[in-house]
Amino acid sequence: MGNIVSRKEVAELSGVSEATVSRVLNAVGPIKEDTRRRVLDAANQLGYVPSALARNFARSKSGHLGVVMPYVPKAHLFSAYFFSEMLSGIGNKARDSGLDLLLLFRKPGERIDYSSLFRQQRIDTCIILGARDDHDEVEALKRLQEEGRPFCVMNHHFEGQSFCEVDADHVEGSRAAVSHLIEQGYKRIAFLNGPDIYSNSTERMKGYRTALQEAGIEYDHDLLLEGNYSRRSGLEASATIADKLNDIDAVFAANDRMALGVMQGLREHGLPVERFPAFVGYDDSDAAEMAVPPLSSVRVPFYEMGELAASKLIPDSLDLIPALELTGSDSIRELLSTELIIRASSIRP
């Protein structure tokens, strides 16, 4: 089998831009006859076969970029910092490309059929937020891949699969957070994590354990608590932490909402701020800086993640063919860096 010919090669041989090649091959917009003929001759000469997906996308009629939102019981998704930031990044890129966002909300227990959204021409491309390690989810995404549908999974990693993914380095973010607490002299570090159906939770656990191992501190399962990323679950965990204050000198929470819930709960238990354990949260939400004491947190570039995910799937301003021509066999995983922001909550007085 010969090498795959690119649009760039067709453009170079015909002496026109790649954007012009796209317009000719997709029969879109006014094109001079001699230009059209040069491009077609070059394409035939090189044996160029345009992506069927790209042609379908260029001729799409829906104009919608679908964003699948997770089902989170009793949670106000749009008040969650990371969802609002990711949607802002996606929306900014979509607006620049003339696409509208279509938000699709999961229902409890629903087996979502992503393929039907494309077949019904409701969406042209899809970004999936809040994915979970679930057999039905994986099978639905594999079906999209087999059909050559353009999609990207955000803030989740499917081990052993070859999906387009945009995520942050949560292993390193968590390792940095716990290492900072250890450097401050804290050794009994409780970890309030989210459910392990989310890859972010398992990655944060890996970072937590790595930091302990690097410092020669033995992992203690009794210091592990599980919430569901809501403030209320942090509030509930505060009762356990209040009872174990003699055995806990620091708390690492897998997001700021849970950390703030624990802090609120400790206050309600009558504990003065001076007796709080050290705290580090995760996400660096707007509320972290306003907490009392101000909350150290791991900053995650959610807005940039949204922009990056969208840029992989939607046409840019110069070309009618998507920036990433997914064919079902492409596998691209991009990890963005996190940054530990140190504030008063984690500094030993």
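Please read these numbers as outputs of a predicted model, since none were measured by experiment.
- Within the 4.5 Å cutoff, no side-chain heavy atoms of Arg122 are placed close to those of His64.
- Residues His157 and Asp133 approach most closely at O-OD1, 4.0 Å, considering heavy atoms.
- One finds a salt bridge joining Arg333 and Asp167 here, because a Lys/Arg side-chain nitrogen approaches an Asp/Glu carboxylate oxygen to under 4.0 Å.
- Met69 has its side chain within reach of Leu87: a pair of non-hydrogen atoms, C-beta onward, lies under 4.5 Å apart.
- A cation-pi arrangement is found for Arg348 relative to Tyr186, the charged atom lying closer than 6.0 Å to the ring centre and inside a 45° cone about the ring normal.
- With rounding to the nearest 0.5 Å, the separation of OH in Tyr81 from CG in Asn255 is 13.0 Å.
- The side-chain hydrogen bond (donor to acceptor under 3.5 Å, both in side chains) test with Tyr114 is passed by exactly one of Arg143, Glu137, Arg149: Glu137.
- When ring centroids are compared, His170 and Tyr282 come within the 6.0 Å threshold.
- Ala310 and Leu65 get closest at one heavy-atom pair: CB-CD1, 4.4 Å.
- Side-chain contact between Ile182 and Ile217: present, with at least one pair of heavy atoms (C-beta onward) separated by less than 4.5 Å.
- Linking Ile, Leu, Val, Met, Phe, Trp and Tyr residues whenever their side-chain heavy atoms come within less than 4.5 Å places Val16 and Leu13 in a single cluster.
- We find the CE-CG distance between Met86 and Leu129 to be 5.0 Å, quoted to the nearest 0.5 Å.
- Between Gln184 and Ile342, the closest side-chain pair of non-hydrogen atoms is not below 4.5 Å.
- Between Leu144 and Ser115 the shortest side-chain heavy-atom distance falls below 4.5 Å.
- Electrostatic pairing of Asp220 and Arg188 counts as a salt bridge here, judged by a charged N lying under 4.0 Å from a carboxylate O.
- Every side chain to side chain donor-acceptor pair (under 3.5 Å) that Glu268 has, sequence neighbours left out, goes to Gln264.
- For Phe151 and Phe163, the ring centers sit closer than 6.0 Å to each other.
- For residues 235-244, no pair satisfies side chain to side chain donor-acceptor pair (under 3.5 Å), with sequence neighbours left out.
- For the atom pair CG of Asp136 and CG of Asp113, the computed distance is 11.0 Å after rounding to the nearest 0.5 Å.
- For residues 225-274, the pairs satisfying ring pair (Phe, Tyr, Trp, His ring centres under 6.0 Å) are Phe191-Phe252, with sequence neighbours left out.
- Interatomic distance, NZ of Lys93 versus NZ of Lys312, reported as 11.5 Å (0.5 Å rounding).
- Taken together through direct or relayed side-chain contacts under 4.5 Å among Ile, Leu, Val, Met, Phe, Trp and Tyr, Leu225 and Leu260 form part of one hydrophobic cluster.
- Ile127 CD1 to Leu101 CG: the interatomic distance, rounded to the nearest 0.5 Å, is 8.0 Å.
- Legend: residues meeting side chain to side chain donor-acceptor pair (under 3.5 Å) with Asn92, ordered by chain and number and at least two apart, are Arg95, Tyr303, Glu307.
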What verdict does the side chain to side chain contact (heavy atoms under 4.5 Å, CB included) test give for Gln145 and Gln161, after you've listed the backbone C-alpha separation in whole Å, the side-chain angles of each residue and the deciding distance to 0.1 Å?
CA-CA 11 Å; Gln145 212 172 40; Gln161 302 299 327; 5.9 Å; no
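- Among residues at least two apart or in separate chains, side chain to side chain donor-acceptor pair (under 3.5 Å) pairs with a member in residues 204-215 are Arg175-Glu214.
- Residue Glu218 qualifies as open at atom CD: its count of foreign heavy atoms under 6.0 Å is 12 or below.
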Verdict with reasoning, Leu223 to Ile248, per side chain to side chain contact (heavy atoms under 4.5 Å, CB included)
CA-CA 8 Å; Leu223 293 178; Ile248 291 174; 3.9 Å; yes
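- At least one side-chain heavy atom of Arg119 sits less than 4.5 Å from a side-chain heavy atom of Glu147.
- Residues Val298 and Asp284 are not in side-chain contact: their nearest non-hydrogen atoms beyond the backbone lie 4.5 Å or more apart.
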Donor-acceptor contacts, no H, no angles, side chain residues 35-42, under 3.5 Å, sequence neighbours left out:
| from | atom 1 | to | atom 2 | distance (Å) |
| --- | --- | --- | --- | --- |
| Arg36 | NE | Glu33 | OE1 | 3.2 |
| Arg36 | NH2 | Glu33 | OE2 | 3.0 |
| Arg38 | NE | Ser14 | O | 3.0 |

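- By the rule that hydrophobic residues join a cluster once side-chain heavy atoms approach within less than 4.5 Å of another member, Met205 and Leu335 end up as members of separate clusters.
- Side chains of Ser199 and Thr202: no donor on one and acceptor on the other come within 3.5 Å.
- The shortest distance between side-chain heavy atoms of Leu117 and Leu104 falls below 4.5 Å.
- To the nearest 0.5 Å, atom CG of residue Leu336 and atom CG of residue Asp169 are 9.5 Å apart.
- When atom types are taken as modelled, the side chain of Ser179 and the backbone of Ala211 share no donor-acceptor pair closer than 3.5 angstrom.
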Pair Leu46-Val10, side chain to side chain contact (heavy atoms under 4.5 Å, CB included): steps then yes or no:
CA-CA 7 Å; Leu46 293 169; Val10 175; 4.1 Å; yes
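- A donor-acceptor pair is defined here as one N or O able to donate and one able to accept, closer than 3.5 Å; such a pair exists between the side chain of Ser201 and the backbone of Pro195.
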